[in-house]
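Written below as structure tokens is the structure these notes are about.
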Amino acid sequence: MSTEARSNFLKTQIQSDLDGGLVEQLVTRFPPEPNGFLHLGHAKSITVNFELASRFGGRCHLRFDDTNPEKENKVFIEAIQEDVRWLGYKWDGEVRFASSYFQQLYEWALHLVEQGLAYVCDLSAEEARDYRGSLTEAGRDSPFRCRSVDENRRLFEGMRAGEYAEGSRVLRAKIDMAAPNINLRDPILYRIRTAHHHQTGGEWPIYPTYDFAHGQGDAIEGITHSICTLEFEDHRPLYDWFIEHLPVPNRPRQYEFARLNTSYTLTSKRKLKHLVDAGVVTGWDDPRMPTLAGLRRRGYPAGAIRHFCEEIGTSRSDSVVDVAMLESAVRNQLNESAPRAMAVLNPLPLTLTNLSTPATLSVANHPNNEDMGTREVPLTAEVLIDAADFREEANKKYKRLVLGKRVRLRGAYVIEADSCDYDATGAVSRVYARIIEGTLGEDPPDGIKARGVIHWVSASSGVRAEVRCYDRLFSDPNPGRTEDVMAVVNPGSLRCIEDAVIEASLAHAEPEQVFQFEREGYFVADRFDHCRERPVFNMTIGLRDTWNTANA
RNA sequence: UGGGGUGUCGCCAAGUGGCAAGGCAGCGGGUUUUGAUCCCGCCAUUCGCAGGUUCGAAUCCUGCCACCCCAGCCA
């Protein structure tokens, strides 16, 4: 069964709502608070909402849940939109803001006051906490719970007019202080805040809480299925309570799914910020970060992230997805889309003693896709190979260059190593080898085959480049478990190679273009630092390697 | 100890009373000018546990167990 056809509880629910005529057209929404950068977990939510809309011929909105001015920022509003676009989704209509509904929300709050379903409470935050009771004990009614409708109206209007100090009063729904569900113990609808709001400026001295704004915002927009994560499950009765007691134009319903957890990654804003502040990473878009900006800079294709989110399914059970699944999706897509090229990360000079004149070879850009064409690669007497690809002697399992043995230079000739030089430390500093004539595109005429294939770059035409190789940021499969982030960061998560040599064509890469450096992995030209004069590549991910692991 | 959830292969996850999909990982083998890709094969007699209903149960009932979420004027 393909992932396309696989069902999940949301698809089943939506299909039945559509079939039963409960809703005419599916309308979903992605509702981030603009208080930080989007990460992998958000990608899951975005994918769920947009893919469902697309699958069922519906629409998906982008709405900023901007009800708490103190934590929000315009910078995030821009960044989030760019991330959603980059992921490949287009929201229906203009971007929306919960803050656009402040007037309507205020009027609805007044409506509850008039109905005797909301009251102004003067308890301090600490007192309110005390009155709320505990998980096992019922709460107690606030002494302000019995204020008259007139008094509540006057007080709430006073709040709106900015007559009271921050924290001095709140508007609460009058539900049930003994409810086993704590969310129903007279939840707060409005609090007084003097902070400047990025959208409404100083227009409002009071701000609705998430609970009062979210469902009503959904109703205003005609959202049919309000999909959120499991921790909001206990809020659903409250969500429904507002919808039932307010003259809203629509009746949206809330559904919850399990948030995405991925092994070896962290999505805690607080902890990630610590890494940024401590300089462990270069910023929120560091290629090792689980932010969408980071994954993008790492070279992870948006399509691979989308595919990953689809592939892991959507359920209600808490789980931790193996990051290997994400990596698999990335390799899968890149294997198809990335042109091949050669780059030597740890150069070792090799002299082709019998190559009298330089040659130009035509090399395929993709082994299984002719449409990707060919490129010209110069072969000169001086080439560079990777130091790991030569040994003076080795057993049969070593399928690379060995003294007296043969190997093929990728896309070129079979060569045989004759001798080598050493440096002062005794390390091999140069290899001398001979081209076996008649081996361009052919096996050796004498029947002695090469033991393997190695990549190379012409020493004279190759270009020096900076290559940043990454490993997982955390050494612990569950880094979120530990409070001390520093204790679980992988000290070797970045290996910066300053003197790698890439084939000349690679210097012309556009930023964000991904290549497969043959036999090494996938590498992306850095979005910000790469330029022709000073090429910089980030390792997106290595090739699957069944040899190193087995012989480690 | 109150309320709300979740338990199907190492990791995800279909399955909605008729005889355990698929993906990832892993393990064999084949092809290969990337130790890649690709291809073929293997990988849950059993669905948290214990009872019960039924010709038949992962699916229904009962009881237990484990784990997750909730006491912000955050979202």
Side-chain angles (χ1 to χ4, degrees), chain A residues 1-3 5-8 12 31-33 35 65 67-68 70-71 121 123-125 128-130 132-139 166-172 179-185 187-193 206-207 209-211 213-214 228-237 256 258 263 308 311-329 331-332 335-336 340 342 363-364 366-368 397-400 407-414 439 441-443 450 452-455 516-521 542-548 550-551:
Chain A
M1 194 188 279
S2 73
T3 44
R6 181 174 54 193
S7 75
N8 64 47
T12 305
E33 181 186 16
N35 68 345
D65 235 336
T67 55
N68 186 3
E70 293 176 335
K71 294 188 171 181
C121 179
L123 249 26
S124 69
R129 188 189 315 130
D130 183 47
R132 195 153 33 231
S134 72
L135 293 179
T136 52
E137 297 162 312
E166 206 167 291
S168 62
R169 297 190 218 271
V170 294
L171 182 73
R172 304 175 69 172
N181 180 342
I182 293 178
N183 293 119
L184 263 19
R185 320 244 260 232
I188 290 165
L189 273 43
Y190 272 90
R191 68 284 214 202
I192 298 170
R193 283 285 178 282
I206 54 172
Y207 290 91
T209 54
Y210 163 85
D211 284 308
H214 202 91
C228 60
T229 41
L230 245 26
E231 66 269 28
F232 292 103
E233 205 168 5
D234 291 343
H235 293 242
R236 196 191 330 143
E256 313 86 18
S263 65
F308 164 70
E311 203 166 54
I312 57 178
T314 305
S315 77
R316 289 173 59 85
S317 56
D318 295 309
S319 59
V320 180
V321 176
D322 191 336
V323 73
M325 281 209 199
L326 208 211
E327 296 172 341
S328 166
R331 287 195 184 97
N332 236 302
N335 176 49
E336 300 274 314
R340 313 285 123 124
M342 292 193 281
V363 179
H366 192 108
N368 316 313
K397 283 189 160 183
Y398 186 75
K399 306 203 310 184
R400 309 177 186 183
V407 80
R408 178 179 291 279
L409 292 183
R410 175 69 165 161
Y413 298 90
V414 170
T439 53
E442 307 283 342
D443 279 338
V453 180
I454 64 172
H455 56 100
Q516 182 193 100
F517 289 179
E518 294 205 64
R519 300 212 310 132
E520 293 286 359
L543 254 27
R544 191 162 158 268
D545 189 345
T546 49
W547 187 74
N548 275 344
N551 294 270

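Labels below follow one simple rule: chain letters A, B, ... track the order of the sequence lines, proteins then strands, and each chain is numbered from 1.
Among the nucleotides B:G5, B:C73, B:G15, the one closest to the side chain of A:L230 is B:G5. With B:C69, B:G5, B:G35 as the choices, the nucleotide that has an atom nearest any side-chain atom of A:E231 turns out to be B:C69. In the set B:C74, B:G5, B:U34, the nucleotide with an atom closest to the side chain of A:E518 is B:U34. For A:R400, the listed nucleotide lying nearest its side chain is B:G35; candidates were B:C12, B:G5, B:G35. Residue A:I188 places its side chain closer to B:C73 than to any other of B:C24, B:G35, B:C73.
Using a 4.0 Å heavy-atom distance criterion, A:D443 is classed as making no nucleic acid contact. Nucleic acid contact for A:G139: none, since no nucleic acid atom lies under 4.0 Å from a heavy atom of the residue. Among the protein residues, A:F232 comes within range of the nucleic acid bases, having at least one heavy atom under 4.0 Å from a base atom. Among the protein residues, A:R410 comes within range of the nucleic acid bases, having at least one heavy atom under 4.0 Å from a base atom. In this structure, A:V414 reaches neither bases nor backbone, as no heavy-atom distance under 4.0 Å exists between it and the strands shown. Residue A:A125 is in base contact, counting any heavy-atom pair closer than 4.0 Å across all strands shown. Residue contacts for A:L171: at a heavy-atom cut-off of 4.0 Å it reaches no nucleic acid atom on any strand shown. Nucleic acid contact class of A:H214 (heavy atoms, under 4.0 Å, all strands): none. Among the protein residues, A:T67 comes within range of the sugar-phosphate backbone only, with heavy atoms under 4.0 Å from sugar or phosphate atoms but none that close to a base. Base contact: A:A412 has a heavy atom under 4.0 Å from a base atom.
Taking only side-chain nitrogens and oxygens, A:S317 never comes nearer than 4.0 Å to OP1 or OP2 of B:G5. For B:G35, the OP1/OP2 oxygens have no side-chain nitrogen or oxygen of A:R408 closer than 4.0 Å. A close approach under 4.0 Å does occur between a side-chain nitrogen or oxygen of A:R132 and OP1 or OP2 of B:C73. Taking side-chain N and O atoms only, A:R6 has no distance below 4.0 Å to OP1 or OP2 of B:G22. For B:U6, the OP1/OP2 oxygens have no side-chain nitrogen or oxygen of A:S315 closer than 4.0 Å.
For B:G72, the glycosidic angle deviates from 0 by 90° or less, giving a syn base.
Atom C1' of B:U45 sits at a distance of 22 Å from the matching atom of B:G52, rounded to the whole Å.
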Inset, instruction - Can you check each nucleotide of nucleotides 36-41 of chain B against protein heavy atoms at under 4.0 Å and return B for base, S for sugar-phosphate only, - for none, in 5' to 3' order? - result: SB----
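Stacking of A:W547 onto the six-membered ring of B:G35 is present: less than 5.5 angstrom between centres, less than 30° between planes.
Side-chain N or O atoms of A:R340 include none that pairs as donor or acceptor with a backbone N or O of A:H366 at under 3.5 Å.
Side chains of A:S315 and A:S317: a donor on one and an acceptor on the other come within 3.5 Å.
With RNA chain B read from its 5' end, the first of the two nearest nucleotides for A:G452 and A:D322 is the one closest to A:D322. The nearest heavy atom of RNA chain B to A:S124 and to A:R316 marks one nucleotide each, and the one closer to the 5' end goes with A:R316.
The base-pairing partner of B:A36, taking Watson-Crick or G-U wobble contacts with both distances under 3.5 Å, does not exist among the strands shown. Base pairing analysis places B:G7 opposite B:C65; the two distances defining the Watson-Crick or G-U wobble pair are each below 3.5 Å. As the counterpart of B:G56, no nucleotide is assigned, since no Watson-Crick or G-U wobble pattern has both distances under 3.5 Å. Nucleotide B:G17 forms a pair with no other nucleotide shown, judged by Watson-Crick or G-U wobble geometry with both contacts under 3.5 Å.
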Inset, instruction - Verify side chain to side chain donor-acceptor pair (under 3.5 Å) between A:E442 and A:T439, making sure each step is shown before the conclusion. - result: CA-CA 5 Å; A:E442 307 283 342; A:T439 53; over 6 Å; no
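For A:E231, the side-chain contact (heavy atoms from CB on, under 4.5 Å) partners are A:T229, A:R259, not counting sequence neighbours.
Under a 4.0 Å N-O distance rule, the pair A:R410/A:E518 qualifies as a salt bridge. By the 4.0 Å N-to-carboxylate-O rule, A:E256 lies close enough to A:R316 to be salt-bridged with it.
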Give me, pair by pair, the N or O atoms of the protein and of nucleotides 1-4 of chain B that are less than 3.5 Å apart, along with how far apart they are.
residue: B:G2; atom: N9; partner: A:L135; partner atom: O; Å: 3.1
residue: B:G2; atom: N3; partner: A:L135; partner atom: O; Å: 2.9
residue: B:G3; atom: N2; partner: A:D234; partner atom: OD2; Å: 2.7
residue: B:G4; atom: O2'; partner: A:D234; partner atom: OD1; Å: 3.3

